[in-house]
Every structure is written in C-alpha cells, then in structure tokens.
Trainee: 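Could you have a look at this structure, given as structure tokens, before my questions?
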Amino acid sequence: MDLNYSVFGLLLHSNLALPGIAPVDSTVTSPDIELHLGISPHPGGELPADVEELAYVSSYSTETGEPALRIWRAAKGALLRIAYSKGPQFWLDGKRQNLWATWPATSSLEETSTYLLGPVLGLLLRLRGITCLHASAIAFKNRCVAFVGPEGAGKSTTAAAFAKQGCAVLSDDIVALAEQEGMFRVMPAYPHLCLWPDSVEMLYGAPDALPHLSPEWDKRRLALGGKGTRFEDRPLPLGAIYILGDRRPEPAPCVENIGPQDALVSLVAETYANKILDRDLRAREFAVLGRLAMTVPIRRIHPHQDAARLEELCRVIREDFAALKSPAPARPRESIHCP
C-alpha cells in the first residue's frame, strides 16, 4: 500500500492507512519518515535484554504500579525502543527516518495510532532537533496563537472552544515550531482534538456527545471538519503565546504581561518530551526558546475558577490578541487584565 501523510510538517509514507487522517498526494520519492505499521524491526525475534540499555522510565504508573512508558536504547544506539504498558511498541532508527510499530491482540491499530500521532511523533520531532511546545494552536486568519500549559491546564478545551466559534485548529497538545528568516511558524498536525468527557459536556451538553478516541480510551475525538469546525493545514506565523495560568475568581479571565526572562523560564518548563534530550539538543532548544521569547508576544492568561466560562475566556484572548496586532497601543476598554 502506498500512502503518504503530512503531519507536523513531516511527510510520512505508510504501509497501512492511519485512522482519521486523509492521505495527501506527493511526488516526493524520499519521505521524511517511513512507517512500518504492524511490523517489528526484528522479524526473527526480539533482541536479547542484555543488548538494550534502559534510557527513560515514566514517572506515571499503572494501577498495578508498572511504569506507563519505558524507553530503551538498543543495538548500540542504532534503535530506540518505546514500550507502553498497554502493549504498543515503537522503534526509531538512529537517523530518525524509519519508525516501526507493533501491538498485541488486546490492542488495535486505532489505539496504536493515538500514541503514534501524539507522544511518539512528538519524541521523534525532538530527536530530529525540532522544538515542540506542550501546547495547542488555533488560527486567527493568517496568524496563529498557541495555548501552553501542563497536562490538565485546558489547552485542548480552549482550542475546542475556539473551534466551536469557527477558528481553524492547527495542532492539539504538541506545537511543532519552524524558525525561518527570524519568524516562527507552527506546523499543522492532524485533523482532530482529544477531549475528556467533562470538557465535551461543557462544550456540547453531554459527555458522550463525541465518539471515543478509541474503544480502549475514555477520551473523546472532535473530528475537525464536523460540527462546524475546521482544520488548518497551512503552516502559520506564530502571533502570540498564551500560557494558561491558575484559575482565579473575578476579575478573571484576565491577561497579564510577562517579560522575556520569565517567559523563557515558563517555555523551558513546557517544552515537549524534554527529559529524553541530550546535552546538545537541550542547548539548541534553549537558544531557540530564547529567540522565541524575544520575538513573539508571550502572555499569561488566568481562566475563571468556573471552568464553564469558556466563551468569556475566548473573548478576552481575542481582544488581547487584537490589541497586540494593532499598531496603536490602546486596548479595548472592555478587555479585562489582571491587577
């Protein structure tokens, strides 16, 4: 099967169809990544344990106490093996040009693709030297904004609220940055958002208003292109970054300006898959983030303690971003800023 996909600015060539993503036409003979789905790089059997070196153990554990994720360096660094407790395994070659994936009978390609499109490609991007933020991004015409924050901060929910208002979505959970001629662009990811049931209920009135991401997961899929939503498949200049802060009472939602140094500290903490980087990649990342903090407006947005006040949150962000773009420093009077 000859299938090509464009994800995070990478051209993927796959032997199997990726669920929920439309293939693209391509005349490129050398894709960025060859996907070998349902195939192990060791068809004759797995590598002996003594030729693998444990490189990373997740701090998250399953109900049985098993780490949710382990990563090994294998074959003297020629392969990186990524193993999830639920069964899917992935391998990356040393040049980060080939990716293999297998899954047990208790899993499926659909479930495996949720790992592939999210954390696995996120890790691959980082190892290829591409800086990624733990963020979601939406488009305002020909520019975009990113919502940065740790797990549970509301990145996907905020992006979904804007999507419901007609804004196109570029990326969910991982924002891959391309630096070109002094400008940062966000690379489009894949056409869906992943939401927890409580977010679905806030947005659509019932926790089961959207289908499961996969039969094995409680998260729900908002397919972009349905329910009046859109996916932005063009790389767009990054117009601003909003760091999701703690929830507060009135006058929240509110925005506060942060200086480049504080912004840099916040961005370093919220880069994606930073614990697996070596010293050289960390140094390169720090330099990129330093330039980002100096060239892109970075704000901290405090949502209201009532998480259901999404429309108000969106309004405050729209007004603040419009003022940032305006050559005049004046802001709309009704904009609410943190004291």
Trainee: Return the orientation label for the Phe321 and Phe140 ring planes: parallel under 30°, perpendicular over 60°, tilted otherwise.
Mentor: tilted

Trainee: List the atom of Asp233, the atom of Pro188, and the distance in Å for their closest heavy-atom pair.
Mentor: O-CG, 3.4 Å

Trainee: Under the criterion side chain to side chain donor-acceptor pair (under 3.5 Å), I'd like the reasoning laid out for Arg300 against Ser266: C-alpha separation, chi angles, the key distance, then a yes or no.
Mentor: CA-CA 10 Å; Arg300 182 170 283 111; Ser266 296; 3.1 Å; yes

Trainee: Within the distance-only criterion (no hydrogens, no angle test), does the side chain of Ser171 pair as donor or acceptor with the backbone N or O of Ile174 below 3.5 angstrom?
Mentor: yes

Trainee: If I take atom CZ from residue Arg128 and atom NZ from residue Lys95, how far apart are they, to the nearest 0.5 angstrom?
Mentor: 12.0 Å

Trainee: Check step by step if ring pair (Phe, Tyr, Trp, His ring centres under 6.0 Å) holds for Phe147 and Phe162.
Mentor: CA-CA 11 Å; Phe147 307 118; Phe162 274 106; 5.6 Å; yes

Trainee: Side chains of Leu123 and Ile82: closer than 4.5 Å at any heavy-atom pair?
Mentor: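 Yes, their side chains come closer than 4.5 Å.
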
Trainee: Answer yes or no: is there a donor N or O on one side and an acceptor on the other, between the side chain of Thr112 and the main chain of Ser108, under 3.5 Å?
Mentor: yes

Trainee: Where do Ile243 and Ile241 land on the side-chain contact (heavy atoms from CB on, under 4.5 Å) test, with the steps shown first?
Mentor: CA-CA 6 Å; Ile243 298 172; Ile241 294 173; 4.3 Å; yes

Trainee: Give a yes or no answer on whether the side chain of Arg282 reaches the backbone of Asn274 with a donor-acceptor pair at less than 3.5 Å.
Mentor: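 Yes, the answer is positive, given that a donor and an acceptor are paired below the 3.5 Å cut-off.
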
Trainee: Between Asp93 (side chain) and Asn98 (backbone), is there a donor-acceptor pair under 3.5 Å?
Mentor: yes

Trainee: Yes or no on salt bridge (charged side-chain N to carboxylate O under 4.0 Å, His left out) for Arg81 and Glu52, after CA distance, side-chain angles and deciding distance?
Mentor: CA-CA 9 Å; Arg81 180 165 72 94; Glu52 291 189 320; 2.8 Å; yes

Trainee: Counting N and O atoms only, with roles assigned by atom type, does the side chain of Lys155 sit under 3.5 Å from a partner on the main chain of Gly149, one being a donor and the other an acceptor?
Mentor: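 Yes: the side chain of Lys155 pairs with the backbone of Gly149.
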
Trainee: With the side chain counted from C-beta on, respond yes when Ser156 and Cys194 share a heavy-atom pair under 4.5 Å apart, and no when they do not.
Mentor: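 A side-chain contact is absent here, since even the closest heavy-atom pair is not under 4.5 Å.
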
Trainee: Sort out for me which residue in Asp172, Val169, Leu213, Thr229 forms a side-chain contact (heavy atoms from CB on, under 4.5 Å) with His192.
Mentor: Leu213

Trainee: Is there a donor-acceptor contact under 3.5 Å from the side chain of Arg309 to the main chain of Leu313?
Mentor: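 No; judged by distance alone, with no hydrogens or angles, the pair does not exist.
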
Trainee: Is the backbone of Leu236 close enough, under 3.5 Å, to the side chain of Arg143 for a donor and an acceptor to pair up by distance?
Mentor: no

Trainee: I'd like to know whether Arg70 forms a salt bridge (charged side-chain N to carboxylate O under 4.0 Å, His left out) with Glu66, so could you lay out the CA-CA distance, the side-chain angles of the two residues, the decisive distance to 0.1 Å, and finally the verdict.
Mentor: CA-CA 10 Å; Arg70 293 187 180 97; Glu66 180 185 4; 3.7 Å; yes

Trainee: Quick check: do Ile71 and Leu54 have side-chain heavy atoms less than 4.5 Å from each other?
Mentor: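 No, too far: nothing below the 4.5 Å cut-off.
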
Trainee: Let me see the working for Arg126 and Glu285 under salt bridge (charged side-chain N to carboxylate O under 4.0 Å, His left out), right down to the final yes or no.
Mentor: CA-CA 9 Å; Arg126 301 312 315 278; Glu285 171 190 88; 2.3 Å; yes

Trainee: Any side-chain to backbone donor/acceptor pair from Ser14 onto Ala17? Under 3.5 Å, distance only.
Mentor: no

Trainee: Looking at Glu111, is its backbone amide N or carbonyl O close enough to the side chain of Thr114 to form a donor-acceptor pair, meaning the two atoms are under 3.5 Å apart?
Mentor: yes

Trainee: Between Met187 and Ile138, is there a shared hydrophobic cluster once you connect ILVMFWY residues whose side-chain heavy atoms come closer than 4.5 Å?
Mentor: no

Trainee: For the side chain of Arg220 and the backbone of Asp218, is there at least one donor-acceptor N/O pair under 3.5 Å apart?
Mentor: yes

Trainee: Mind checking whether Tyr115 and Tyr84 have parallel, tilted or perpendicular rings, split at 30° and 60°?
Mentor: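 Tyr115 and Tyr84: tilted rings.
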
Trainee: Picking from Val316, Ile317, Ile298, Val148, what satisfies side-chain contact (heavy atoms from CB on, under 4.5 Å) with Tyr242?
Mentor: Ile317

